Every structure is written in structure tokens, then in C-alpha cells.
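The sequence lines fix the lettering, A, B, ..., with proteins before strands; numbering per chain opens at 1. None of the values given here were measured: they were computed from a predicted structure. Atoms considered below: every heavy atom in the structure, side chains included; atoms not considered: hydrogens, waters and symmetry mates.
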Number of protein chains: 2
Amino acid sequence: MQDSKKNVQSNRRAEIVAIATETFLENGYAGTSMAQLAKACDIQKASFYHHFPSKDALFITCVNEGYADAVNGLIEIRADESLTDWQKIERAIHNLYASIVTSPTGRLSPLIAEVSRTLPGVANAFHKDYITHQRAALEAIVSDGVTNGAFKAQDFDVFHHIVIGPIVTLSLSREMFAKVADLEAHFPVEKLKRGHLDIILRELEI
Amino acid sequence: MQDSKKNVQSNRRAEIVAIATETFLENGYAGTSMAQLAKACDIQKASFYHHFPSKDALFITCVNEGYADAVNGLIEIRADESLTDWQKIERAIHNLYASIVTSPTGRLSPLIAEVSRTLPGVANAFHKDYITHQRAALEAIVSDGVTNGAFKAQDFDVFHHIVIGPIVTLSLSREMFAKVADLEAHFPVEKLKRGHLDIILRELEI
DNA sequence: GTCTATAAGTAGATAGAC
DNA sequence: GTCTATCTACTTATAGAC
């Protein structure tokens with residue numbers, strides 16, 4: 001009984017965070033008002049302040065959601081002993097496309113840039129809790145492959161730059177031009193991912 | 001006399017646009033108030049409305065500035081008969097890094113994402129007047145090289161993805177973490193550009 | 001072309017009933 | 001936990017003097 005009550009509470013909270021995230025993605029941080037959020041969540045403005053102390057706090061919660069899942073995927077891939085080094089890097093790329101282009105975690109990047117000066121804590125947490133661990137997880141997979149003699153040694157700064165760059169830009173482009181162009185025609189995720197992956201694999205060949 | 005008067009006027013206007021652009025970059029579009037802009041430009045709020053009919057119109061002017069210069073650079077590189085195809089692609093990459101990472105044109109990308117739903121005209125103009133021409137200019141340089149037998153034939157969608165992706169992401173990262181990290185230590189433009197260029201040149205080799 | 005003053009509306013956040 | 005009602009501060013934009 002206690003448990004089911006708790007679940008209802010946390011479900012309501014999780015629901016609010018999910019809807020708020022979509023609303024922030026549509027209108028930006030400063031461009032989203034508490035009134036808009038209230039309407040989208042079908043709740044009164046004042047009721048928000050029972051769940052979150054401020055608009056800032058709600059936004060920070062939205063940004064923080066999803067970090068763990070995104071990074072844990074990469075860590076699990078590295079630990080999976082049934083996979084070859086080549087299979088691991090391929091799965092890692094798929095994982096990054098999914099978590100950056102599709103999920104809110106990556107799509108929120110331009111909003112972190114938006115508030116980088118006014119709420120520096122958001123960018124700081126994103127760097128510390130997501131970027132650093134994502135980078136380390138990817139570096140571990142590459143490093144294992146090099147140690148095993150499967151991959152050519154890499155300058156990891158450059159490798160990370162050409163792996164992450166196209167993925168984040170694809171995500172940003174799809175946010176920028178969501179209302180302008182046919183996204184699948186102009187930014188075909190599967191096709192670009194395949195071409196990008198081919199180049200990454202070629203870079204790793206000895 | 002008429003001319004010098006005109007220059008004073010347009011200089012004042014250009015000065016306002018330059019300062020407003022920096023202020024928008026700092027605080028985002030919705031996060032920047034006319035009062036902030038007025039203070040930054042050392043002018044009264046109401047005086048803005050002599051130069052621009054609205055905040056929207058001022059922002060659109062800020063975004064549009066710099067398109068022509070950025071694209072013309074690539075067009076001139078293609079037309080320069082003193083350069084080999086390899087020199088052209090190398091200069092094109094340098095040009096893209098300069099115009100996307102350093103200049104306001106590229107740095108404003110996250111702000112275009114911010115207003116993509118509320119001011120879709122901004123994203124539309126950016127796509128039509130900048131992205132399309134930049135893509136076409138780069139494609140022409142690659143296509144010339146292929147025709148001349150210097151470059152391997154490319155799927156240009158994928159090529160554009162891996163050329164532009166790391167550059168735009170570098171620019172976005174530097175905006176996101178401007179207040180968090182030592183930018184040159186975490187995002188060393190010259191080093192990443194050199195590594196990225198090496199990979200692009202390798203992809204073009206026959 | 002720039003100013004002071006102000007209109008008309010919206011922002012985030014709170015008080016207190018139920 | 002959600003509601004209605006409300007506060008204060010701030011928003012874009014305009015009016016009209018100089």
C-alpha cells in the first residue's frame with residue numbers, strides 16, 4: 001500500500017518531467033513560461049511549486065534525466081564479453097546516435113548552451129556527469145581494442161571529435177529545421193549513421 | 001556629405017547589431033530583454049525602435065549578418081585557378097572552421113534552434129540563404145576534384161555530415177561550456193582541425 | 001535621433017482555502 | 001496535492017517632448 005502510493009507519486013512526477021522536457025525543447029528555457037508548462041501538464045500553475053521549488057529546479061531535473069541510461073549503455077557494451085572489439089565499437093556508435101539524436105538528453109544540448117551563462121550549474125553538471133563519463137566509456141572501448149591488437153592507436157581527442165561531432169550536429173540540425181524541412185529527406189539518420197560508421201571503422205583499421 | 005552622413009548612420013546601426021549579437025549569444029533570444037540590449041549599447045530602450053521595428057526584427061538582422069561573407073569565401077576558393085584541388089579543400093576546411101567556430105554566424109546556431117518553433121522564418125532563412133549555398137559551394141569543390149581525377153567519388157550527404165559535424169559541434173561545445181571549462185584545454189581548435197582535416201583528405205584519396 | 005514617462009500585458013512565485 | 005486569487009517585478013512597445 002505504501003509502495004503503490006509512492007509509485008503513483010513518482011509516476012506523476014516523472015510524467016511532469018517528461019512533458020516539461022518536450023515543452024522546453026519546443027520553446028527553449030526562457031521561452032517557456034510556467035503557464036505553458038501548467039497547460040501542457042493539465043495542472044494549475046501553483047501546483048508545480050508543490051513538486052519543484054522553482055522553474056530552474058524543474059529544468060535542471062529535466063536535463064539530468066537520462067544521463068545514467070545513456071552512459072550505462074556504453075559501459076555495458078564494453079563489459080559484454082560475448083562481443084568482439086569491432087562489434088563493441090559498432091554498438092557504441094548505434095548507442096550514441098540513439099541517445100543523442102533521439103532521446104531528450106542529447107536534444108537538450110542547445111538549451112544548455114542557451115542557459116550556459118545564466119545557469120552555469122546546468123552546463124557544469126552536464127559536463128561532469130555526462131560528457132566526462134561518455135568520453136571515458138568510449139575511450140575505454142577504443143583502448144581495449146588497441147591493447148588487443150584489433151585497432152590502430154588513436155589520438156583520442158581527434159577520434160572523439162570525429163565520432164561525436166556529426167552525431168551532435170545531426171541532432172542540432174533536426175532541432176533547428178524541425179519546422180522548415182522534411183527531416184528524413186534532409187537529415188536521414190540511418191543513412192548518415194551507416195556512412196559515418198564506415199569511416200570510423202576505416203580509421204581504426206591497422 | 002550625403003555619403004558621410006549615410007556612413008555614420010549605417011555604422012551606428014552596424015554597431016548596434018554587433019553588440020546585440022554578442023548579447024543574444026550570452027543570454028539566448030528569449031533571455032535577452034530590450035533593457036539589457038539598451039544598456040549594452042548605451043542607448044535608451046525606446047531609441048531601438050527608431051532603428052528596428054521590433055525585437056524579432058533586430059534578432060533576424062543579427063542572424064542574417066555574415067551569411068554572404070561566409071559563403072563567398074568558399075565560392076572564391078573554388079574559383080581560384082592558382083590552387084590545386086587539394087589546396088582548395090584544405091582552404092575550404094579552414095574557412096568553415098573560421099566561419100562556424102569563431103564568427104557569430106555559426107555561433108548563433110543554438111539560438112536558431114531555440115526560436116525554431118516561435119520564429120520559424122529565422123530557421124527558414126538560415127537554411128535557404130546559408131546552409132544550402134554553403135553545401136553547394138563545398139559540393140562544387142569536391143565535384144571538381146572528382147572530375148579532375150584528383151579525388152575519389154563521394155556520397156556527398158555522408159561527406160558533408162563528417163565535414164560539418166565536428167565543426168558545428170565544436171562551436172556548440174564552446175558555447176555550452178564557456179563558463180565551465182578552460183576552452184583551449186578541452187576544445188583545442190587548431191589541434192582538432194588538423195586531425196579532422198587529415199581524415200577528410202584520407203577519405204578523398206583514390 | 002534620442003530622450004522621459006508610461007501603457008498594457010505577462011513573468012515567476014506565494015498565500016491560504018479545501 | 002490541487003485549487004483560486006493575488007503580489008511584485010519585469011516584459012515589449014508606444015507617445016510625445018526636445
With a cut-off of less than 4.0 Å, is there a side-chain N or O of S47(A) near OP1 or OP2 of dG1(D)? no
May I have the distance from L58(B) (atom CG) to dT12(D) (atom P), rounded to whole angstrom? 11 Å
Does dT2(D) have OP1 or OP2 sitting under 4.0 Å from an N or O in the side chain of H51(A)? yes
To the nearest angstrom, the CZ-P distance between F48(A) and dA15(C) comes to 19 Å
Atom NZ of K45(B) to atom P of dC10(D): distance rounded to whole Å? 11 Å
Take the protein atom CG of L37(A) and the nucleotide atom C1' of dA11(C), then report the distance between them rounded to whole Å. 12 Å
Do we see a donor-acceptor contact under 3.5 Å between the side chains of Y97(B) and H196(B)? yes
Rounded to whole angstrom units, what separation is found between the CD atom of Q44(B) and the C1' atom of dA15(D)? 15 Å
Counting only side-chain heavy atoms from C-beta out, which of dT4(C), dG1(D), dC3(D) sits nearest to I43(A)? dC3(D)
Using whole Å, what does the distance between atom P of nucleotide dG12(C) and atom NE2 of H50(A) come to? 20 Å
Any non-hydrogen side-chain atom of C62(B) less than 4.5 Å from a side-chain atom of F24(B)? yes
Tell me whether the count of non-hydrogen atoms from other residues, nucleotides or ligands lying under 6.0 Å of CG in D42(A) goes above 12. no
Any base atoms under 4.0 Å from S33(B), or only sugar-phosphate, or nothing? Heavy atoms, all strands. sugar-phosphate
Considering only heavy side-chain atoms of K55(A), the closest of dG12(C), dA15(C), dC3(C) is dG12(C)
Below the 4.0 Å mark, does dT14(C) have OP1 or OP2 next to a side-chain nitrogen or oxygen of Y49(A)? no
May I have the distance from K39(A) (atom NZ) to dT10(C) (atom P), rounded to whole angstrom? 13 Å
Write down the distance between CE (M34(A)) and P (dG12(C)), rounded to a whole number of angstrom. 7 Å
So, S82(A) and D80(A): side-chain donor and acceptor under 3.5 Å apart, yes or no? yes
Among the nucleotides dA13(D), dC3(C), dT11(D), whichever has the atom closest to the side chain of A46(B) is dC3(C)
Ring centres of F52(A) and F48(A) under 6.0 Å apart? no
